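Taking it in order: structure first as structure tokens, then the write-up.
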Amino acid sequence: MEENGSEGKGKQLPHVSISSLEADVAYFDARLTLLKDEGGSSHHRAQYQAYQGLKEVLSEMLDKLRDLPRADT
């Protein structure tokens, strides 16, 4: 059951800024660099794979966002 009369409306995506995505990508890049220097435990490998996947997804989002025409111009 839909609340607040939102029946039939599409889900709104949260506003994402280029600078926030750049910061997130930089964070995951730094974490990946640190994890390369740590041991090869299964926990570290799992973290590395998770951060690598997140970095790739966020980088793709950043590329798409940069390609969109800006509303303030």
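Atom set for the values below is all heavy atoms of this structure, side chains included, hydrogens, waters and symmetry mates excluded. Just so you know, these numbers come straight off a predicted model, no measurement behind them.
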Nearest atoms (heavy-atom pairs only) where S17 meets L65: C-CD2, 3.9 Å
Is there a continuous path of hydrophobic side-chain contacts, each under 4.5 Å between heavy atoms, that joins Y27 to L34? no
Residue list, ring pair (Phe, Tyr, Trp, His ring centres under 6.0 Å) with Y51, at least two apart or on another chain: F28
Could you measure the distance from the CG atom of D29 to the CG atom of D24? Nearest 0.5 Å is fine. 12.5 Å
Distance from L32 atom CG to L54 atom CG, nearest 0.5 Å? 9.0 Å
Holding to salt bridge (charged side-chain N to carboxylate O under 4.0 Å, His left out), I want the full list of residues that pass it with E22, two or more places apart in sequence or in another chain. R66
Pairwise distance CG(L62) to CG(D67) - rounded to 0.5 angstrom: 9.5 Å
Inter-residue atom distance Q52.CD - L35.CG, 0.5 Å rounding: 10.5 Å
Starting at CD of Q47, measure out to CZ of R31 and round the result to the nearest 0.5 Å. 5.5 Å
